[in-house]
Q: 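Here you go, one structure.
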Amino acid sequence: MKRHALSTRLWHWINAISLVVLFMSGLNISNAHPRLYWGEWGFAPEDAWLHVWRFPGWATIPGHYSLAAARDWHVLFAWVFAVSLLLFMIAALLNGHFRRDIATRASEWRPAAIWADVRAHLRFEFDHPGAKYNFLQKAAYGVVLFVLLPLMIVTGMAMSPGMDAAWPFLSEMFGGRQSARSVHFVVAWLLFGFVVLHLALVLLNKPARHVWDMIAGGPSDEAA
Amino acid sequence: MKRRNVLAGLAALLTTGCSKIGKSDTFQGLVDRAEALHRGAHRLIGGRRPMAREYSLADVSPFFRGNGNTDIDSDAYRAQVAAGFPDWRLEVRGLVERPLRLSLDDILALPQRTQITRHDCVEGWSAIGQWTGPQLSTILDMAGLQPAARFIVFRCADDFRGVPYYESCDLDDAFHPQTIIAHALNGEPLPVRNGAPLRLRIERQLGYKHAKYLTAIEAVASLEGIEGGNGGYWEDRGYQWYAGV
C-alpha cells in the first residue's frame with residue numbers, strides 16, 4: 001500500500017486548484033461590495049463590522065474587476081470543490097484513511113504530549129515514527145476537512161437566494177444571510193492561513209520528496 | 001521584495017491565463033452547465049415552487065437602498081411622479097389571448113399580496129422590505145397565455161446610456177405565488193429609487209432580476225432576438241440568467 005491512496009492524491013490536486021480559483025475569484029466578488037455585516041441584512045457603511053480592503057488585480061480572477069466573470073468561475077468551481085470533497089470523504093472512510101491517519105487517540109490529547117509536539121515543531125523536528133501524522137498535523141487536517149471546508153460549502157449555499165428558499169435553516173443556522181457571508185469570508189482567510197502554513201512546512205522538510213509522494217503515492221509506511 | 005514580485009508575477013500569469021480561458025466558448029459552455037446544475041439542484045431539493053422566507057415587520061430594514069438606476073431623467077417621468085402616475089400604463093402583450101393596458105387603479109383593484117422578504121443584491125448586500133401588489137399569475141390569467149408562451153419578458157422605463165433595462169423569467173417563476181407586481185414598499189407607494197410606480201418582485205432570485213419602472217409584460221416563446229438575446233440587461237453583460245445562486 002502506498003503512503004497516499006490514489007483517491008487522496010487526486011483529490012489533493014483537484015482541491016488545490018479549486019481552492020486557488022475559488023479564493024481568487026472570491027476576492028474579485030468581495031471587491032463588488034467590500035463590507036461585511038452580521039444578521040440578515042446590511043448595506044450601509046455604518047452597519048458594517050468590517051470594511052474590507054480592495055484586492056488588487058494580480059490577486060483576483062479574472063485579473064480585472066468583473067463581478068459577472070468572477071461569479072462564473074466561482075459557481076463553476078464550487079461544484080468541482082464540493083463534489084470532489086464528497087467523493088474524497090467517501091473514499092477516505094472506506095479505505096480507512098480517516099480512521100488510521102486523521103483520527104486522534106486519547107493518549108495524544110494529554111497536554112504533555114501536545115506540548116512535546118509543539119516543541120518538536122518549533123525545533124523543526126518533523127520525524128515521528130509510528131503514525132503517519134503527529135497530533136498537530138492530525139488536528140490541523142481534521143479541522144480543515146471537517147470544519148473549515150464544509151463551512152465554506154454551507155455558508156456558500158446559505159447565501160444563495162434559491163437555496164435559501166429550499167433550505168432556509170442554512171442561513172438561519174448562522175443568524176442570517178449577512179452573517180453567513182461574513183463567516184464565508186473569515187473561513188476563506190483561515191484556509192488561506194492553513195495553505196501558507198502547509199506550504200511552509202513542506203518547504204522546510206524534504207519538499208521534493210513530499211510533493212513527489214503526493215503525485216506518485218510514495219512508499220508504504222512500513223517500508224519508509 | 002524580490003520574492004514578492006515573483007509571487008505577484010505568478011499570480012498575474014494565472015489571472016491573465018484565467019481571463020483568456022474565461023473568454024473561451026468551452027469555458028462559457030461549462031459555466032452554463034454549472035448554472036443549469038445549480039438551478040436543477042435548487043428545484044430538486046426544494047420542489048418546483050418552494051417559498052422564499054417571509055419575515056415579520058420587526059425585521060424590516062430601516063431604509064431600503066436603491067441600486068442601479070434610482071431615477072429616470074425625463075420631464076415626462078417627473079411629471080408622472082408629481083401627479084401620482086395617472087397616465088402610467090402596464091401593457092400585457094405578446095403571446096396572450098387578450099392584450100391588456102392596465103392603469104395603476106386597475107392594478108390596485110386586483111387581489112393583493114403583501115410579503116416581507118429579503119432582497120439580495122448580486123454585489124453582496126441585503127435589505128428586508130414589505131412589498132404589496134397583485135400576483136403576476138393573476139395578470140397573466142386575465143390575459144390568457146397562448147400555448148407557445150415559454151418566458152415572460154419585463155420591459156422597463158429606465159435605461160443605461162440609452163440601452164433599455166429589461167428582464168425575463170420562465171413560467172415556473174412567473175406563476176410562483178410570491179412573484180408580484182409591487183406598487184408599495186413598507187405600506188407606502190413605491191419610492192422613485194425603488195422603481196415607482198411598479199416593480200417586479202421575483203423572490204428566490206438576486207436583485208437584478210427584480211425589474212423596476214415596469215411598462216410592459218410580454219409573453220414570448222424564446223428570448224432570442226430580444227435585445228442581446230440573453231434575457232436581461234445584465235445577462236447581456238455576462239451575468240447569469242438564473243440568478244438564484
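Values below: every heavy atom of this structure, side chains too, minus hydrogens, waters and symmetry copies. Quick note on labels: first sequence line is chain A, next is B, and so on, each numbered from 1.
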Q: Which region of A:R177, side chain (C-beta onward) or backbone (N, CA, C, O), has a non-hydrogen atom less than 4.5 Å from a non-hydrogen atom of chain B, or is it both or neither?
A: both

Q: The test is side-chain contact (heavy atoms from CB on, under 4.5 Å); show your working for B:F27 and A:D72 and say whether it passes.
A: CA-CA 9 Å; B:F27 178 77; A:D72 281 351; 4.2 Å; yes

Q: Using heavy-atom distances under 4.5 Å, tell me whether B:F63 contacts chain A through its side chain, its backbone, both, or neither.
A: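 For B:F63, backbone and side chain are both near chain A.
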
Q: Return the CD1 to CE distance between B:I45 and A:M163, rounded to the nearest 0.5 Å.
A: 3.5 Å

Q: Do other residues, nucleotides or ligands put more than 12 heavy atoms under 6.0 Å from the CH2 atom of A:W49?
A: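 Yes, enclosed.
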
Q: I need the B:L206 CG to A:S160 OG distance, nearest 0.5 Å.
A: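 Going from CG on B:L206 over to OG on A:S160, the span is 8.0 Å.
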
Q: Examine whether an atom of A:V20 lies under 4.5 Å from a heavy atom of chain B, and if so say whether it belongs to the side chain, the backbone or both; otherwise answer neither.
A: side chain

Q: With rounding to the nearest 0.5 angstrom, report the NE2 to CH2 distance, B:H42 to A:W167.
A: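 So the gap between those two atoms works out to 10.0 Å.
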
Q: If you measure from the Lys or Arg side-chain nitrogens to the Asp or Glu carboxylate oxygens, is any gap between A:D164 and B:R118 under 4.0 Å?
A: yes

Q: Minimum heavy-atom separation for A:V75 to B:A34, with atom names?
A: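 In this case the closest contact between A:V75 and B:A34 is O-CB, 4.2 Å.
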
Q: Give, as side chain, backbone, both or neither, the part of B:Q28 having an atom under 4.5 angstrom from any heavy atom of chain A.
A: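 Answer is side chain: those atoms of B:Q28 sit under 4.5 Å from chain A.
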
Q: Considering only heavy atoms from C-beta outward, does the side chain of A:E172 approach that of B:R53 to under 4.5 Å?
A: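 Yes, at least one pair of side-chain atoms sits under 4.5 Å.
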
Q: Are the side chain of A:Q178 and the backbone of B:G124 linked by a donor-acceptor contact shorter than 3.5 Å?
A: yes

Q: Using a cut-off of under 4.5 Å for heavy-atom pairs, which of B:V122, B:L30, B:D32 has the most such pairs with chain A?
A: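 Between B:V122, B:L30, B:D32, the count favours B:V122.
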
Q: Looking only at heavy atoms and a cut-off of under 4.5 Å, which of A:A68, A:A166, A:A69 has the most pairs with chain B?
A: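 Looking at each of A:A68, A:A166, A:A69 in turn, A:A68 comes out on top.
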
Q: Can you tell which part of A:H64 gets under 4.5 Å to a heavy atom of chain B, answering side chain, backbone, both or neither?
A: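 When you check distances to chain B, only side chain atoms of A:H64 fall under 4.5 Å.
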
Q: Would you say that more than 12 heavy atoms from the other residues, nucleotides or ligands in this model lie under 6.0 Å from the CZ of A:F192, or not?
A: no

Q: Could you tell me whether A:R99 atom CZ has more than 12 heavy atoms of other residues or ligands within 6.0 Å of it?
A: no

Q: Spell out the residues in residues 29-47 of chain A that have some non-hydrogen atom less than 4.5 Å away from a non-hydrogen atom of chain B, in order of number; otherwise answer 'none'.
A: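 Within residues 29-47 of chain A, the residues under 4.5 Å from chain B are A:I29, A:A32, A:H33, A:R35, A:E40, A:W41, A:G42, A:F43.
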
Q: Among residues 236-245 of chain B, which ones touch chain A with a heavy-atom distance under 4.5 Å?
A: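 So the qualifying residues are B:R237, B:G238, B:Y239, B:Q240, B:Y242, B:A243, B:G244, B:V245.
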
